[in-house]
Amino acid sequence: MLVDGICTDCRLGESAIDMPKNATLRICKACGAVDFEGLWVKASESEETFFENLLIKRIKVPENTELEGVRIVEKENTSAKVSVTVSMAGQPFTQIFPIHLETKRTICQECSMHRREQYVAVIQLRDIPANVEKMMRMASKFKTYILKFEELRTGVDIYFTSKEAGKHLASEFRRRFKLKTTLSSEAYSWDKQRNRPKYKLTMLMRARE
């Protein structure tokens, strides 16, 4: 098959696939979450699957070709071989590359916050004693992200290591129990990567008058 007057074998040989020499995957040794491009992901996929998805984003293929697939075909300790398939003019080509794959065991942000008892969001339930027991049962499904419950004379505070989880539970409380919510935030640290403050979110929830 010819592409611009040159057979596909010769055309592919003119510009090689740009394959990284190594790749590193960070896995939380406490909860098993995987750091995938800066986002900690809790999933059931294997380490090999995460490595393959990582390489798909890093491999550069020649012009006029499309990346069809990446697969780890051999792995022993940190030494591995990866099969890369590209297509040109509808014809597939596969090459095998050696690569160094390293897995680092560390602690993810959420587990670190649990260990340091650091929270980023809190729901403050006030003056709604009749529904507190039901609310605690609803909150149990977010236990992975809940740092602690604090019982007070006027209600209960629920501390979270995830703003998203806190917002989700607050939304469910508001919808089911018709609560009024007052939001406030307080800077507690500085995000060097984004060059802006980090904020703790407080969600004060009361019964509507």
*Over all heavy atoms of both residues, which pair between R206 and L204 is shortest? Give the atoms and the distance, please.*
NE-CD2, 4.0 Å

*Could you go through the side-chain contact (heavy atoms from CB on, under 4.5 Å) check for I17 and V86 one step at a time?*
CA-CA 9 Å; I17 295 171; V86 299; 3.9 Å; yes

*Polar contact flag, side-chain donor to acceptor under 3.5 angstrom, E110-T161*: no

*Between CE of M205 and CG of L183, what distance do you get to the nearest 0.5 Å?*
9.0 Å

_Stepwise side-chain contact (heavy atoms from CB on, under 4.5 Å) test for K29 and I107_ = CA-CA 6 Å; K29 56 186 176 183; I107 297 293; 3.6 Å; yes

*Which pair of heavy atoms, one from S162 and one from A165, lies closest together, and at what distance?*
OG-N, 3.2 Å

*Should I128 and F177 be counted in the same cluster of Ile, Leu, Val, Met, Phe, Trp and Tyr side chains packed under 4.5 Å apart?*
yes

*Going only through I, L, V, M, F, W and Y residues with side-chain contacts under 4.5 Å, is there a path from F50 to I99?*
yes

*Do the non-hydrogen side-chain atoms of V82 and I96 ever get within less than 4.5 Å of each other?*
no

*Any chance you could measure M138, atom CE, to I158, atom CD1, to the nearest 0.5 Å?*
10.0 Å

_For a 4.5 angstrom cut-off between non-hydrogen side-chain atoms, does M136 reach K134?_
no

*asked:* If you define the side chain from C-beta out and look only at heavy atoms, does anything of V84 sit under 4.5 Å from I59?
replied: yes

*Set of residues satisfying ring-ring contact (aromatic ring centres under 6.0 Å, His included) with respect to F51, sequence neighbours excluded*: none

*Pairwise distance CG(D35) to CD(Q109) - rounded to 0.5 angstrom*: 10.5 Å

*Same hydrophobic cluster for I56 and M88, using side-chain heavy-atom links shorter than 4.5 Å among ILVMFWY?*
yes

*Do other residues, nucleotides or ligands put more than 12 heavy atoms under 6.0 Å from E45 CD?*
yes

_Heavy-atom pair with the smallest gap, counting every atom of I146 and A139_ = CD1-O, 3.4 Å

*With no hydrogens and no angle check, is any side-chain donor or acceptor of S87 less than 3.5 Å from a backbone partner on G90?*
no

*Kindly compute the distance separating CG (L125) from CE (M203), expressed to the nearest 0.5 Å.*
10.0 Å

*Looking at side-chain heavy atoms only, is the closest gap between T65 and F93 below 4.5 Å?*
no

*Using the side-chain contact (heavy atoms from CB on, under 4.5 Å) rule, take F36 and N53 through it: C-alpha gap first, then chi angles, then the decisive distance, then the call.*
CA-CA 9 Å; F36 190 74; N53 289 331; 3.9 Å; yes

*Hey, what do you get for CZ (R137) to CE (M135), rounding to the nearest 0.5 Å?*
11.5 Å

*According to a 4.5 Å side-chain heavy-atom criterion applied to Ile, Leu, Val, Met, Phe, Trp and Tyr, with indirect links allowed, do L201 and V156 form part of one hydrophobic cluster?*
yes

*Would you tell me whether E47 and T103 have side-chain atoms, one donor and one acceptor, within less than 3.5 Å of each other?*
yes

*Could you walk me through whether M19 and L55 pass the side-chain contact (heavy atoms from CB on, under 4.5 Å) test, one step at a time?*
CA-CA 8 Å; M19 177 74 178; L55 291 173; 4.2 Å; yes

*asked:* What I want to check is whether the side chains of E150 and Y159 have a donor and an acceptor closer together than 3.5 Å.
replied: yes

*asked:* Looking at every non-hydrogen atom in both residues, tell me the closest pair between I27 and G32 and how far apart they are.
replied: CG2-O, 3.9 Å

*Could you check if a side-chain atom of S185 sits within less than 4.5 angstrom of a side-chain atom of T202, using non-hydrogen atoms only?*
no

*Quick one: which residue pairs count as a ring pair (Phe, Tyr, Trp, His ring centres under 6.0 Å) with a foot in residues 120-149, not counting sequence neighbours?*
F142-H168

*Qualifying residues under side chain to side chain donor-acceptor pair (under 3.5 Å), relative to S83, sequence neighbours excluded*: none

*Within 6.0 Å of NZ in K42, more than 12 heavy atoms from elsewhere*: yes

*State, to 0.1 Å, how close C108 and W40 come at their nearest heavy-atom pair, and which atoms those are.*
CB-CD2, 3.4 Å

*Using the salt bridge (Lys or Arg N to Asp or Glu O under 4.0 Å) rule, collect all pairs that involve residues 164-178, keeping only residues at least two apart or in two chains.*
K141-E172

*asked:* Is there a side-chain contact between H100 and K21 in this structure, where contact means two heavy atoms from C-beta onward sitting under 4.5 Å apart?
replied: no

_Side-chain heavy atoms of F160 within contact of L169, under 4.5 Å_ = yes

*Hey, could you give me each pair passing salt bridge (Lys or Arg N to Asp or Glu O under 4.0 Å) that has a residue in residues 151-163? Not counting sequence neighbours.*
R126-D157

*asked:* Can you see whether F97 has K81 sitting over its ring - NZ or CZ less than 6.0 Å from the centre and within 45° of the normal?
replied: no

*Would you please name every residue forming a side chain to side chain donor-acceptor pair (under 3.5 Å) with E102, sequence neighbours left out?*
none

*So, does K104 use its side chain to make a donor-acceptor pair with the main chain of T106 at under 3.5 Å?*
no

*Rounded distance [0.5 Å steps], CG in L101 versus CD1 in I72*: 5.0 Å

*asked:* If hydrophobic clusters are built from ILVMFWY residues whose side chains come within less than 4.5 Å, do I123 and L179 share one?
replied: yes

